[in-house]
Enquirer: 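Dumping the structure here so I can ask a few things about it.
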Amino acid sequence: MVDGVQRCDVAIIGAGPVGLFAVFECGMLGFKCQMVDSLGAPGGQCSALYPEKPIFDIPGYPRIEAAELVRRLEEQAAPFAPRYHLDQQVEHLKRLGGGFRLETSRGVTIESRAVIIAAGVGAFGPNRPPLEGLEAYEGKSVFYFVTHREAFRGQRVVIAGGGDSAVDWAISLAELAARVSVIHRRAKFRAAPESAARLEALARAGRIDLVVPYQLHALEGAEGRLDAVIAADLGGATKRIPADVLLPFFGLSMNLGPIAQWGLALDHHHIAVAPATCMSAVEGIFAVGDIATYPGKLKLILSGFAEAALAAHAIHPLIHPGEALHFEYSTMKGVPGRTA
Ligand SMILES: Cc1cc2nc3c(=O)[nH]c(=O)nc-3n(C[C@H](O)[C@H](O)[C@H](O)COP(=O)(O)OP(=O)(O)OC[C@H]3O[C@@H](n4cnc5c(N)ncnc54)[C@H](O)[C@@H]3O)c2cc1C
């Protein structure tokens with residue numbers, strides 16, 4: 001680092017599973033990477049939304065928990081010593097001579113020869129319920145993601161929402177919470193039919209309270225510690241539910257954020273790329289994973305992995321113009337820097 005500017009071959013925006021694998025693919029071709037993520041830890045949706053859920057469609061792993069997949073991807077990237085800039089968003093991306101300059105919300109400046117955008121659904125955040133005084137409870141007794149279900153053992157948990165997350169977490173937390181109540185504005189849940197049936201069976205068995213058709217109305221407590229959640233029905237009648245924790249699951253707001261201002265061709269909030277290279281409309285800027293789109297795109301982790309390999313190979317002639325890339329399997333060349 002000279003003059004406070006970080007320099008690297010490839011800047012990767014987004015440290016989700018696909019961004020992490022892009023470090024490996026770039027590393028295998030000799031490129032040094034720096035990564036930026038607005039979340040406080042790598043892993044994207046896998047870490048933030050479903051760390052303890054098993055994934056069944058990662059090749060070679062009949063079943064792997066999302067957090068474990070992220071841990072292994074970090075391990076796979078580690079020999080290439082990527083530099084992580086976490087807890088900060090890339091706000092500006094500009095062309096600079098033969099490369100690019102990125103600026104983050106924490107004032108970090110990165111200059112790179114190429115950029116891979118692996119930003120998933122963009123700078124994602126939860127849809128927050130419009131409740132007075134909500135901010136004081138966030139992170140203390142109101143949580144939008146469950147990263148560690150054990151944290152709720154013995155607690156009185158109120159879940160709000162009617163989709164898969166609300167139903168799945170209600171079923172899961174009923175095993176260890178002191179009480180689980182689910183507030184939903186309709187009697188019918190929008191979750192997978194077998195999950196909805198299981199929820200209703202647990203309610204009949206008295207293990208879960210269904211508060212339907214009700215909506216969140218107010219929070220009761222002090223200094224960020226909840227005492228109760230107040231729900232109201234459509235006629236305005238209220239019900240007080242004693243609670244230690246509120247988990248509102250109203251989906252994610254998918255906000256491309258600053259990415260929409262970078263002059264890339266967008267297609268319904270996704271970056272349009274050439275499927276053979278994953279290059280965007282701007283030469284040198286690539287997009288992979290959930291944020292990339294092309295005809296036939298499948299939003300799966302495994303598609304993102306393949307896209308990362310395509311992008312890394314397409315970057316090679318930009319960094320080494322006129323130099324032929326001799327394709328080699330990892331079995332032939334091994335992993336530079338890996339000890340075992
Ligand atoms: C409940 C659930 C279950 C799923 N199950 C499966 C499954 O079984 N199999 C499967 O293949 N897929 C599954 N998926 C989808 C899978 O998680 C996504 O396809 C995958 O996470 C996409 O990876 P990604 O790296 O492209 O993006 P993400 O995981 O979304 O990561 C993108 C990262 O970019 C960061 N970011 C965005 N904008 C910026 C910015 N401007 N500056 C800095 N950082 C930024 C975000 O903070 C985020 O960390 C599931 C998804 C959910 C929600």
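Keep in mind that the numbers below use all heavy atoms, side chains included, and drop hydrogens, waters and symmetry copies. Along the sequence shown, residues are numbered consecutively beginning with 1. Atoms within a ligand are numbered from 1 in the order they appear, just like the ligands themselves.
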Enquirer: Would you say Lys299 and His270 are linked by a side-chain donor-acceptor pair, where the criterion is simply a distance under 3.5 Å?
Expert: yes

Enquirer: For the residue pair Glu65 and Tyr50, confirm or rule out a side-chain donor-acceptor distance under 3.5 Å.
Expert: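 Side chains of Glu65 and Tyr50: no pair found under 3.5 Å.
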
Enquirer: Counting from 1, what ligand 1 atoms have a heavy atom of Val36 closer than 4.0 Å?
Expert: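 Result: 43 (C), 44 (N).
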
Enquirer: Give the atom numbers and elements of ligand 1 that come within less than 4.0 Å of a heavy atom of Ile55.
Expert: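 Close to Ile55: 7 (C), 8 (O), 9 (N).
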
Enquirer: Which atoms of ligand 1 are found less than 4.0 Å from any heavy atom of Leu300?
Expert: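 Every atom of ligand 1 under 4.0 Å from some heavy atom of Leu300: 10 (C), 11 (O).
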
Enquirer: Would Lys239 and Tyr214 count as a cation-pi pair here, with the cationic atom under 6.0 angstrom from the ring centre and within 45° of the axis?
Expert: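 Yes, Lys239 lies over the aromatic ring of Tyr214.
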
Enquirer: Could you say whether the N/O atoms of Gln88 and ligand 1 ever approach to under 3.5 Å?
Expert: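 No, since none of the N or O atoms of Gln88 sits under 3.5 Å from an N or O of ligand 1.
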
Enquirer: Taking 4.0 Å as the limit for heavy-atom contacts, which would you say applies to Asp37 with ligand 1: side chain only, backbone only, both, or neither?
Expert: both

Enquirer: Using a 4.0 Å cut-off to any heavy atom of Ile13, which atoms of ligand 1 qualify?
Expert: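 By the 4.0 Å cutoff, the relevant atoms are 40 (C), 42 (N).
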
Enquirer: Measuring from atom 23 (O) of ligand 1, which candidate in Pro17, Gly122, Gly289 has the nearest non-hydrogen atom?
Expert: Pro17

Enquirer: Quiz question: by atom type and distance under 3.5 Å, do the side chains of Thr104 and Gln88 form a donor-acceptor pair?
Expert: yes

Enquirer: Give yes if a backbone or side-chain nitrogen or oxygen of Val18 is under 3.5 Å from a nitrogen or oxygen of ligand 1, and no if not.
Expert: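 For ligand 1, there is an N or O atom that lies under 3.5 Å from one belonging to Val18.
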
Enquirer: Can you name the one residue among Glu68, Gln76, Glu74 that meets side chain to side chain donor-acceptor pair (under 3.5 Å) with Arg72?
Expert: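 When side chain to side chain donor-acceptor pair (under 3.5 Å) is applied between Arg72 and each of Glu68, Gln76, Glu74, only Glu68 qualifies.
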
Enquirer: State the atoms of ligand 1, each with its element, that fall below the 4.0 Å cut-off from a heavy-atom position in Leu49.
Expert: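 Listed by number with element, the hits are 53 (C).
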
Enquirer: For Thr277 and Phe286, work out which heavy atoms get closest and say how close.
Expert: O-CD2, 3.4 Å

Enquirer: Between Leu302, Thr104, Val90, which one has a non-hydrogen atom sitting closest to atom 41 (N) of ligand 1?
Expert: Val90

Enquirer: Show which atoms of ligand 1 fall inside a sub-4.0 Å distance from at least one heavy-atom site of Gly44.
Expert: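 Ligand 1 atoms under the 4.0 Å threshold to Gly44: 29 (O), 31 (O), 48 (C), 49 (O).
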
Enquirer: For ligand 1, which atoms sit closer than 4.0 Å to a heavy atom of Gln89?
Expert: 40 (C), 41 (N), 42 (N), 43 (C)

Enquirer: Heavy atoms, side chains only, cut-off 4.5 Å: are Leu226 and Leu219 in contact?
Expert: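 Heavy-atom side-chain distance check passes, below 4.5 Å.
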
Enquirer: With nothing but distance in play, are any N or O atoms of Trp262 less than 3.5 Å from an N or O of ligand 1?
Expert: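 No, since none of the N or O atoms of Trp262 sits under 3.5 Å from an N or O of ligand 1.
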
Enquirer: Only heavy atoms of Ala118, strictly under 4.0 Å: list the atoms of ligand 1 that pass.
Expert: 32 (C), 33 (C), 34 (O)

Enquirer: Compare all side-chain heavy atoms of Arg7 with those of Glu111 and state whether any distance is below 4.5 angstrom.
Expert: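 Arg7 reaches Glu111 side chain to side chain.
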
Enquirer: Does Lys53 reach ligand 1 with a nitrogen or oxygen that is under 3.5 Å from one of the ligand's nitrogen or oxygen atoms?
Expert: no

Enquirer: Going by distance only, is there an N or O of Asp290 that falls short of 3.5 Å from an N or O of ligand 1?
Expert: yes

Enquirer: Examine the side chains of Thr109 and Arg101 and answer whether a donor and an acceptor come within less than 3.5 Å of each other.
Expert: no

Enquirer: Could you check whether Gln215 and Asp233, counting side-chain N and O atoms only, form a donor-acceptor pair closer than 3.5 Å?
Expert: no

